[in-house]
Amino acid sequence: MGILNHLKGIKFSKGNAKHFKNELSPTPTKNSEAYWAFVKRQFNKNKRAVFSLYLVGFMAFIALFADFIANEKPIYCKYNDKSYFPILIDYGVQLGIKKWPKDLQNINWIDTDFQKVVRPPIPYSATTQDIINAGFVSPFEKQDVPSVRWRHWLGTEALGRDVLSALIHGTRIAFAVGIVSMSIASLIGIILGALAGYFGDNRILISRATAIMLLPGIIFGWFYAFSTRSYILSDSLKVSGLKFLGNLLLSFVIFFGAIILSWLVGKLLQFIPWFKKKIAVPMDIIVQRLIEILVSIPRLFLVIAIVAIAKPSIFLVMVVIGLTSWTGIARFIRAELLKVRSLEYIEAAEALGYSRKRILLRHAIPNSLSSVLIAIAFGIASAILIESFLSFIGLGIPPETLSWGKLLSLARGGKSQLWVAIFPGMAIFITVTLFNLIGEGLTDAIDPKQKR
């Protein structure tokens, strides 16, 4: 501490500050690489976790290229002496930047006799209805198909939709829900947890005017940006992804615009001496009370309540799960920041005159993220389970979208269609288990007691 007290009394030039930063920071590049190399080495010792990681990578590949693996539209076709790539054209149509060529409008992809055609390995999409083989045809039952190429290898459900294709496209939904929802949860949890842990209750000082104007700015911003525009956002999601992103960007502009406007009003009020006086924001207490309130409400019931009163949308499911899953991450990062902020390299950075924002973003948070990875791995498994449950009870996603949970619900009421329940049930079980094993592997790898 002696050197730190000494440093606090010295004014550094830019070059000296950089030199002292390199000398005092405990996280130069070499040490960081050594730490992550140690984590990687420890993780590789856990064979189950490594095997799970490879399987998750394989499933992610299936989710990413699901349209090229199971689809009624050809990958390539030649029709009326013209060459087309229907799946790529479909992406452009969904984004609203392209229209279907006249030759391919209202075409029957299965029965049309193309001059040349390259079809995906499974020639059915998740929504293709094979009327001839409808009514729960089992995988081992005789099927009315023109050749083995068109066989339903895992059978069909009541409307004749292919179970294998639904499983493949369900992988995309499961991974999208898990990754997007945990990305939202991680962003909220890291920001709130870091603010609570690093600044505590008395290190953020703002004027009375800003404190008074900020709260109504956030409330009105959220109301006009997201509540009043919720139907616009939902409708644009159905039209195209590009239109949805544009409307979402506009909502964020409205939200932050309202906050900036309230901040500017607060600046004007500071001309009055009483409003100019600084007060401490009890960030730690606010975040902890927020966590306690959210944790006290059963998360599953909270998600069901929100999803049940809104228009069915897979985006809504992702957002609601993300907004209700950040508490664990916030607790992890808060605990790490409470420990990190008292370490010597943080005090040295403060003594060198670096801003708190720079110290927080470039030194404190990057050195506290290792434990968050564990929470994220377990959180993805939990999000997949919640989405499957919501689909099973008919909430959340649109009725025409088939997911693993929706397939499970279709098997209710009969013992003769067990294959519709067994395959999606196994998919959910295997995926959740894989993410849990990865989380356990990370726990062991990051635990310093495992070092040897």
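Being a predicted model, the structure only gives us computed values, none of them experimental.
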NZ/NE/NH1/NH2 to OD/OE distance under 4.0 Å, D67 and K73: no

Electrostatic pair K45:D444 at N-O distance under 4.0 angstrom: no

Exercise: do [X] and [Y] side chains pair donor with acceptor under 3.5 Å:
{"X": "E292", "Y": "S296", "answer": "no"}
{"X": "R299", "Y": "S382", "answer": "yes"}
{"X": "S183", "Y": "S186", "answer": "no"}
{"X": "K267", "Y": "Q270", "answer": "no"}

L192 and I291: CA distance, side-chain angles, deciding distance, side-chain contact (heavy atoms from CB on, under 4.5 Å) verdict: CA-CA 10 Å; L192 291 182; I291 291 174; over 6 Å; no

Might you point out which heavy atoms bring [X] and [Y] nearest each other, and give the distance in Å?
{"X": "P282", "Y": "A280", "result": "CD-O, 3.5 Å"}
{"X": "I321", "Y": "E387", "result": "CD1-N, 4.3 Å"}
{"X": "S125", "Y": "S165", "result": "C-OG, 3.0 Å"}
{"X": "P74", "Y": "P86", "result": "O-CD, 3.2 Å"}
{"X": "L269", "Y": "F275", "result": "O-CB, 3.3 Å"}
{"X": "F38", "Y": "A445", "result": "CE2-O, 3.8 Å"}

Evaluation steps, side-chain contact (heavy atoms from CB on, under 4.5 Å), between L104 and W109: CA-CA 9 Å; L104 302 182; W109 297 107; 4.1 Å; yes

Quick check against the 3.5 Å criterion: does [X] have a side-chain atom that pairs as donor or acceptor with the backbone of [Y]?
{"X": "R356", "Y": "R203", "answer": "yes"}
{"X": "S251", "Y": "A225", "answer": "yes"}
{"X": "R172", "Y": "L64", "answer": "yes"}
{"X": "S262", "Y": "L214", "answer": "no"}
{"X": "H169", "Y": "A70", "answer": "yes"}
{"X": "R341", "Y": "G197", "answer": "yes"}
{"X": "S342", "Y": "K339", "answer": "yes"}
{"X": "D201", "Y": "I285", "answer": "yes"}

Working for side-chain contact (heavy atoms from CB on, under 4.5 Å), residues V281 and I286: CA-CA 9 Å; V281 178; I286 293 173; 4.1 Å; yes

Pairs where residues 194-224 contributes a residue and the test ring-ring contact (aromatic ring centres under 6.0 Å, His included) is met, not counting sequence neighbours: W222-F226

From [X] [atom1] over to [Y] [atom2], what is the distance, rounded to the nearest 0.5 angstrom?
{"X": "I359", "Y": "R362", "atom1": "CD1", "atom2": "CZ", "value": "11.0 Å"}
{"X": "T327", "Y": "F332", "atom1": "OG1", "atom2": "CZ", "value": "10.5 Å"}
{"X": "L410", "Y": "E157", "atom1": "CG", "atom2": "CD", "value": "5.5 Å"}
{"X": "L437", "Y": "L442", "atom1": "CG", "atom2": "CG", "value": "11.0 Å"}
{"X": "I260", "Y": "L264", "atom1": "CD1", "atom2": "CG", "value": "7.5 Å"}
{"X": "I122", "Y": "L167", "atom1": "CD1", "atom2": "CG", "value": "9.5 Å"}

Report yes if some heavy atom in the side chain of [X] is under 4.5 Å from a heavy atom in the side chain of [Y]; otherwise report no.
{"X": "F389", "Y": "L385", "answer": "no"}
{"X": "L369", "Y": "L373", "answer": "no"}
{"X": "I374", "Y": "I446", "answer": "yes"}
{"X": "I438", "Y": "I380", "answer": "no"}
{"X": "N46", "Y": "V50", "answer": "no"}
{"X": "I173", "Y": "K406", "answer": "no"}
{"X": "I168", "Y": "F65", "answer": "no"}
{"X": "L408", "Y": "I428", "answer": "yes"}

Parallel, tilted or perpendicular: rings of F252 and F256 (30°, 60°): parallel

Whether Y345 and H363 hold their rings parallel, tilted or perpendicular, with breakpoints at 30° and 60°: perpendicular

Reference residue W326; test side chain to side chain contact (heavy atoms under 4.5 Å, CB included); the match among I184, L294, L187: L294

V287/L290 under side-chain contact (heavy atoms from CB on, under 4.5 Å): CA gap, chis, key distance, verdict: CA-CA 5 Å; V287 173; L290 200 59; 5.5 Å; no

F68 CZ: over 12 foreign heavy atoms closer than 6.0 Å: yes

